[in-house]
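Each remark here refers to the structure printed beneath this line.
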There are 2 protein chains.
Amino acid sequence: MKRDSRLSSVLHALLHMAEQDGPLTSEALAQCMHTNPVVVRRTMGLLRDVGIVHSAKGHTGGWTIAADLKTVTLRQLHEALGEPAVFAIGNRNETPECLVEQSVNSVLDDAFSEAEALLLRRFENVTLADLAAEFARRHAQWRTERTLS
Amino acid sequence: MKRDSRLSSVLHALLHMAEQDGPLTSEALAQCMHTNPVVVRRTMGLLRDVGIVHSAKGHTGGWTIAADLKTVTLRQLHEALGEPAVFAIGNRNETPECLVEQSVNSVLDDAFSEAEALLLRRFENVTLADLAAEFARRHAQWRTERTLS
DNA sequence: CGAATCGTAATAATTGAAGTTACATGAAAA
DNA sequence: TTTTCATGTAACTTCAATTATTACGATTCG
Ligand code: FES
Ligand code: FES
């Protein structure tokens, strides 16, 4: 399966929007992340549905952030994207009658549930502001390195 | 993406083999798990490569367990299958030059690494014997329920 | 010998994400 | 008001990865 990279995508887009005053068009975002404007609209549309971003049509239209960076967590974004399946590994049959399969599923599900819970807890503890700070840190370091060389 | 269900598959097969004296043919295993004998051979072949099972050709041939149930962990099976990707969610670009993407990747990778580490630790702590015990438990309960009704 | 069984390569089917095309809708600008 | 720019969406295609199938070769036991 192809891996779902929408979370990564929207984070990239949101960072760009955070560093920009006016709205950014789907076209501009698409170009910057080497994809298609329609894909951007589709994905960002899910964030608009929960109020994280705002979109405007026509001249001077585009996408803007509609929430405080400090209050938006990765978990919220994951949910806005429809809580896609986290794991690429799974059970052969989710609702088996057979006791053998039920035993296997039960043991595997336990492990996967724990790991997923941990992941979501981590997601809750990272905000867009944290991400922006991480970017600022890397940007500053990059400037230092460039100056030194 | 289609989810990789081979771990679930081999566990099912191994439980069957554990409850059986003689060898089981690929044909028999395939029929029981509603799949194709070639798929069984391909997958079980990976376990044979690391000595967990043994295969024999010809009349009276088939698959047998070649290790102590108490010593085989889910982690070993996961490794035998080639350590397939655990997550269905990932970064848009694994080796970006852009600092924005690097920041996003870094934050996401941290979270995913932790979750994967937890999952693998869990896998280390579950043996085939544990799984067989879980099956025995369910089987006993099923017999009780059937008797009562 | 000959039937049963695994080993393996090559190919097709399936599944789900991502990309494309096409056109409708709405808003600002000219 | 007309034109232009932008989003909104549906429909379809492409792409990547797993799983299934077909075909045939190699062994082993009866
Ligand atoms: S199919 Fe139920 S036990 Fe194998
Ligand atoms: S920042 Fe968007 S492409 Fe590098």
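Residue numbers start from 1 in every chain, and the chains themselves are labelled A, B, ... in the order their sequence lines are given, proteins ahead of strands.
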>> Applying salt bridge (Lys or Arg N to Asp or Glu O under 4.0 Å) to B:Arg121 and B:Glu124, what does each step give before you reach the verdict?
In response: CA-CA 5 Å; B:Arg121 276 200 306 279; B:Glu124 265 168 24; over 6 Å; no
> More than 12 foreign heavy atoms under 6.0 Å from CD of B:Glu94: is that the case here?
Replying inline: yes
> Rounded to the nearest Å, what distance is computed from the CZ atom of residue B:Arg42 to the P atom of nucleotide D:dT22?
Replying inline: 13 Å
> When we call it a touch if two heavy atoms are under 4.0 Å apart, what does A:Gly62 touch: a base, just sugar-phosphate, or nothing?
Replying inline: sugar-phosphate
> Do A:Arg138 and B:Ser106 meet the criterion of a side-chain donor-acceptor pair at a distance under 3.5 Å?
Replying inline: yes
>> Let's go through B:Glu101 and B:Arg92 carefully: what are the C-alpha distance in whole Å and the side-chain angles of both, what is the deciding distance for salt bridge (Lys or Arg N to Asp or Glu O under 4.0 Å) to 0.1 Å, and is it a yes or a no?
In response: CA-CA 8 Å; B:Glu101 297 228 69; B:Arg92 173 169 203 76; 5.2 Å; no
> Looking only at side chains, do A:Trp63 and A:Ser26 share a donor and an acceptor under 3.5 Å apart?
Replying inline: yes
> Rounded to whole angstroms, how far apart are CG on A:Leu7 and P on C:dA18?
Replying inline: 11 Å
> Taking for each residue the nucleotide of DNA chain C with the nearest heavy atom, is it A:Val38 or A:Ser5 whose nucleotide lies nearer the 5' end?
Replying inline: A:Ser5
>> Any donor-acceptor pair, under 3.5 Å, between the side chain of A:His59 and the base of D:dT4, if you only look at N and O atoms?
In response: yes
> Counting only side-chain N and O atoms of A:Ser55, is one of them less than 4.0 Å from OP1 or OP2 of D:dT7?
Replying inline: no
>> Among C:dT15, C:dC6, C:dT20, which nucleotide has an atom closest to any side-chain atom of B:Lys2?
In response: C:dT15
> C:dA4 phosphate, OP1 or OP2: any side-chain N/O from B:Thr60 under 4.0 angstrom?
Replying inline: no
>> Counting only side-chain nitrogens and oxygens, does B:Arg3 get under 4.0 Å of the OP1 or OP2 atom of C:dT14?
In response: no
> Rounded to the Å, how far apart are B:Glu27 CD and D:dT21 P?
Replying inline: 11 Å
> Quick one, which residues of residues 95-104 of chain B touch DNA chain D with a heavy atom under 4.0 Å?
Replying inline: none
> Please give, in whole Å, the distance from D:dT19 C1' to B:Leu29 CG?
Replying inline: 17 Å
> Picking from D:dT19, D:dG8, D:dA6, which would you name as closest to the side chain of A:Thr25?
Replying inline: D:dA6
> Can you name the closest pair of heavy atoms from B:Ala80 and B:Val50 and give their distance?
Replying inline: CB-CG2, 3.8 Å
> Taking only side-chain nitrogens and oxygens of B:Ser26, does any of them come within less than 4.0 Å of OP1 or OP2 of C:dC6?
Replying inline: yes
> Over how many whole Å does the gap from A:Ile89 atom CD1 to D:dT19 atom P extend?
Replying inline: 10 Å
> What nucleotide among D:dT21, D:dA6, C:dG19 has an atom nearest to a side-chain atom of B:Asn36?
Replying inline: D:dT21
> Rounded to the nearest Å, what distance is computed from the CG atom of residue B:Leu47 to the P atom of nucleotide C:dC6?
Replying inline: 14 Å
>> Distance check needed: D:dT22 P versus B:Arg41 CZ, whole Å only.
In response: 14 Å
> Can A:Arg146 be said to sit on top of A:Trp142's aromatic six-ring, NZ or CZ under 6.0 Å from centre and within 45° of the ring axis?
Replying inline: yes
> Can you check the B:Lys57 NZ to C:dG7 P distance for me, whole Å?
Replying inline: 6 Å
> Does any non-hydrogen side-chain atom of B:Phe135 lie less than 4.5 Å from one of A:Leu99?
Replying inline: yes
